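In what follows, a structure is listed as structure tokens, so that the remarks can point back to it.
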Amino acid sequence: MGGLGAPEIILIIVAILIMFGGKKIPELMKGLGKGVKEFKDAQNGETNTASTTTSAEDKPKV
């Protein structure tokens with residue numbers, strides 16, 4: 001009941017290469033990196049104002 005060893009990791013990498021091909025992997029990693037960054041920013045309370053049309057400062061006070 002050990003963790004993942006070198007043979008298992010190599011097998012996983014080969015399977016990913018077969019499924020997605022060599023050209024798609026950099027795009028997948030870029031998307032994964034963006035997702036992780038957005039997740040960390042959300043945990044820290046930061047928001048991406050480029051994705052929203054109005055910010056908290058633009059909303060009228062009630």
Side-chain angles (χ1 to χ4, degrees):
M1 290 210 163
L4 290 176
E8 290 87 3
I9 293 173
I10 292 172
L11 183 64
I12 291 169
I13 291 171
V14 169
I16 290 172
L17 281 171
I18 291 171
M19 288 181 0
F20 295 109
K23 293 183 180 180
K24 281 284 190 183
I25 292 182
E27 294 174 23
L28 291 171
M29 292 300 110
K30 183 178 179 182
L32 181 64
K34 279 186 177 182
V36 169
K37 182 182 182 306
E38 289 177 8
F39 180 75
K40 286 182 179 179
D41 289 346
Q43 278 187 327
N44 293 334
E46 300 173 13
T47 58
N48 186 359
T49 57
S51 65
T52 58
T53 56
T54 59
S55 66
E57 298 169 359
D58 295 336
K59 293 181 182 177
K61 294 180 181 175
V62 177

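Sequential numbering from 1 along the given sequence is applied to the chain's residues. Here the structure is a predicted model, which means the values were calculated and not measured.
Under a 4.5 Å side-chain heavy-atom criterion applied to ILVMFWY residues, the cluster that includes I10 comprises V14, I18 as well.
Under the side-chain contact (heavy atoms from CB on, under 4.5 Å) criterion, M29 pairs with I25, L32, sequence neighbours left out. For L11, there are no side-chain contact (heavy atoms from CB on, under 4.5 Å) partners two or more places apart in sequence or in a different chain. For L28, the side-chain contact (heavy atoms from CB on, under 4.5 Å) criterion is met by F20, not counting sequence neighbours.
Evaluation of the salt bridge (charged side-chain N to carboxylate O under 4.0 Å, His left out) test over residues 9-21, restricted to residues two or more places apart or in two chains, returns none. For residues 10-25, the set of pairs meeting the salt bridge (charged side-chain N to carboxylate O under 4.0 Å, His left out) definition, not counting sequence neighbours, comprises K24-E27. Residue pairs that meet the salt bridge (charged side-chain N to carboxylate O under 4.0 Å, His left out) test with at least one member in residues 2-13, sequence neighbours left out, do not exist here.
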